[in-house]
Each structure stands twice: as C-alpha cells, then as structure tokens.
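Here's the structure we're looking at; comments come further down.
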Amino acid sequence: MNAPDPTEVATELESLLLRRAAAGDAEAFATLTRQLARPALALAGRVLGDAILAEDAVQEALTRLWREASRFDPSRGTFAAWWRRMLLNVTLDGRRRLRPVAPLDDAANLAAPDPDPLQRAEQADVAARVQAAMAILPPRQRAALSLFHGDGLSMAEIAEALSCSEKAVEGLLTRGRAELRIRLTGVKDDQ
C-alpha cells in the first residue's frame with residue numbers, strides 16, 4: 001500500500017481547519033494561521049521585495065481568509081490554490097497602503113547560519129543584488145518568478161494563482177528572467 005502524499009494530507013487538514021474556522025472555531029483558525037503564515041510571508045516578501053509590506057499583506061490576507069472562510073468550495077479547486085490566489089491578490093494590490101500591524105516571525109531566520117564569513121558575505125551580496133533586481137520588475141513578473149523558482153509551482157498552478165493562461169505565465173517568466181539577466185550580468189540576449 002502506498003503512503004499518502006504529504007501535500008494531499010496537508011491540504012485535507014487545512015480544508016478541515018478552514019471548515020471549522022468558518023463555523024466560528026477560533027482555535028482551528030489559529031492553528032491554520034500558524035501553518036500558513038511563514039510560507040505566506042516568504043512568498044509575499046519575494047513578490048514585494050519589502051519585509052514590512054509583506055507582513056502587512058500577509059496580515060490582510062489572513063484577515064480576509066477568516067472573513068471569507070465559508071466561501072471556500074473544494075469542488076472548484078484545492079485549498080492551497082484558493083489561499084495562494086487570495087494572498088497574491090492582496091500582495092499584488094501593493095499600491096494601496098496597508099495599515100501597519102504587529103510583525104510576524106522573520107522568514108530570514110529559517111536558514112541556518114553559514115560558518116564561513118567570506119561565503120556568507122558573498123551570498124548576502126548576491127541575495128541583495130537579486131532582491132534589488134527583482135524590486136524593479138513589474139509585480140506580476142515578480143510573482144510568477146517567485147511562485148515558479150521559489151515555491152516550485154507548475155505553470156498551471158501559477159496561471160490559476162495569477163488568473164491568467166499558462167502562455168501568459170510563460171511570457172511573464174521569460175520577460176522577468178531576461179530583465180534579471182540584464183540587471184545582474186549586464187548581458188542582453190540577442191534572440
């Protein structure tokens with residue numbers, strides 16, 4: 001007998017917690033929030049390029065999740081896809097100011113420190129250059145790149161999250177990668 005897919009088990013658990021939250025179970029929602037907050041903060045941070053704005057976006061998305069928990073329909077898709085779309089909608093709506101809230105745990109604390117100071121400095125320099133280059137990209141390109149390279153989502157999953165076609169996702173990724181290549185290396189493709 002095959003072991004259950006951990007992703008499916010997590011999605012089923014999240015769906016159950018969401019149903020309980022929709023019925024008013026604050027403890028179930030708190031458990032769901034603890035599971036969602038850290039990965040959501042990492043994604044929002046990659047898309048927005050700003051930790052404070054990312055914290056605000058995640059707080060707003062979690063508030064919306066609490067208010068709209070009863071609207072989730074498993075026959076229309078997975079909880080993970082529904083939540084990701086909700087989070088991205090709030091994150092991509094970065095033009096309006098979100099009210100500051102108490103910060104969530106810093107996603108940067110997830111990585112174990114590298115004992116070699118030179119290597120750590122080089123990694124920090126590369127990360128800062130990539131973050132600066134990503135910050136210049138349009139938000140939908142940043143989102144597509146973050147979902148594909150950061151979260152490992154398929155084209156279909158990204159298309160669903162961004163409410164566009166897979167072909168549009170390919171275009172977003174191609175343009176985003178080309179712009180990053182120019183910003184990071186100064187080399188422009190002549191294709």
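All of these numbers come straight from a predicted model, not from anything done at the bench.
Residues meeting the salt bridge (Lys or Arg N to Asp or Glu O under 4.0 Å) test with R177, sequence neighbours left out: none. Residues satisfying the ring-ring contact (aromatic ring centres under 6.0 Å, His included) criterion with F29, sequence neighbours excluded, are W66. In terms of the salt bridge (Lys or Arg N to Asp or Glu O under 4.0 Å) criterion, E122 has no residue partners (sequence neighbours excluded). For the side chain to side chain contact (heavy atoms under 4.5 Å, CB included) test, residues two or more places apart in sequence or in another chain that qualify with S163 are R85. Judged as a side chain to side chain donor-acceptor pair (under 3.5 Å), and not counting sequence neighbours, T63 has no contacts. R67 pairs by the side chain to side chain donor-acceptor pair (under 3.5 Å) definition with nothing, not counting sequence neighbours. Legend: residues meeting salt bridge (Lys or Arg N to Asp or Glu O under 4.0 Å) with D25, ordered by chain and number and at least two apart, are R20. Residues forming a side chain to side chain donor-acceptor pair (under 3.5 Å) with E160 (at least two apart in sequence, or on another chain): none. Remark: R140 pairs with no residue by the salt bridge (Lys or Arg N to Asp or Glu O under 4.0 Å) rule, at least two apart or across chains. Residues passing the side chain to side chain donor-acceptor pair (under 3.5 Å) test with S165, sequence neighbours excluded: none.
The shortest side-chain heavy-atom distance between M134 and Q141 does not fall under the 4.5 Å cut-off. Looking at L65 and L18, their side chains come closer than 4.5 Å, going by heavy atoms from C-beta outward. Counting heavy atoms from C-beta outward, L145 and L180 have side chains that approach closer than 4.5 Å. Looking at L43 and V58, their side chains never come closer than 4.5 Å, going by heavy atoms from C-beta outward. Side-chain contact between M155 and E170: present, with at least one pair of heavy atoms (C-beta onward) separated by less than 4.5 Å. The side-chain heavy atoms of R142 and L92, taken from C-beta on, include no pair separated by under 4.5 Å.
For the pair E179 and R183, the salt-bridge criterion is met [side-chain N within less than 4.0 Å of a carboxylate O].
Atom CG of L53 is separated from atom CD of E60 by 13.0 Å, given to the nearest 0.5 angstrom. To the nearest 0.5 Å, the span separating CD1 on I158 from CG on L173 amounts to 5.5 Å. From E157, atom CD reaches atom CD of E166 across 10.0 Å, with rounding to the nearest 0.5 Å.
The main-chain N or O of L32 is never found under 3.5 Å from a side-chain atom of Q35 such that the two would form a donor-acceptor pair.
Within the structure, the ring-ring contact (aromatic ring centres under 6.0 Å, His included) test picks out no pair touching residues 135-187 (sequence neighbours left out). Residue pairs satisfying the side-chain hydrogen bond (donor to acceptor under 3.5 Å, both in side chains) criterion with at least one member in residues 126-136, sequence neighbours excluded, are absent.
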Report task. Evaluate the salt bridge (charged side-chain N to carboxylate O under 4.0 Å, His left out) criterion for residues D151 and R46: first the C-alpha distance (whole Å), next the side-chain angles of each, then the deciding distance (0.1 Å), finally the verdict. Result -> CA-CA 10 Å; D151 291 352; R46 287 191 308 269; 2.5 Å; yes
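Taking every heavy atom of both residues into account, L48 and A57 meet most closely at CD1-CB, 4.1 Å. Considering every non-hydrogen atom in both L147 and A161, the closest pair reads CD1-CB, 4.2 Å. Pairing each heavy atom of A44 with each of T91, the nearest pair is CB-OG1, 3.9 Å. Pairing each heavy atom of A28 with each of A21, the nearest pair is CB-N, 4.2 Å. Taking every heavy atom of both residues into account, L88 and A143 meet most closely at CD2-CB, 4.2 Å.
Using a 30° and 60° split on the angle between ring planes, W83 and F79 fall in the parallel class, below 30°.
More than 12 heavy atoms of other residues, nucleotides or ligands lie within 6.0 Å of CG in L184, so this atom counts as buried by the packing criterion.
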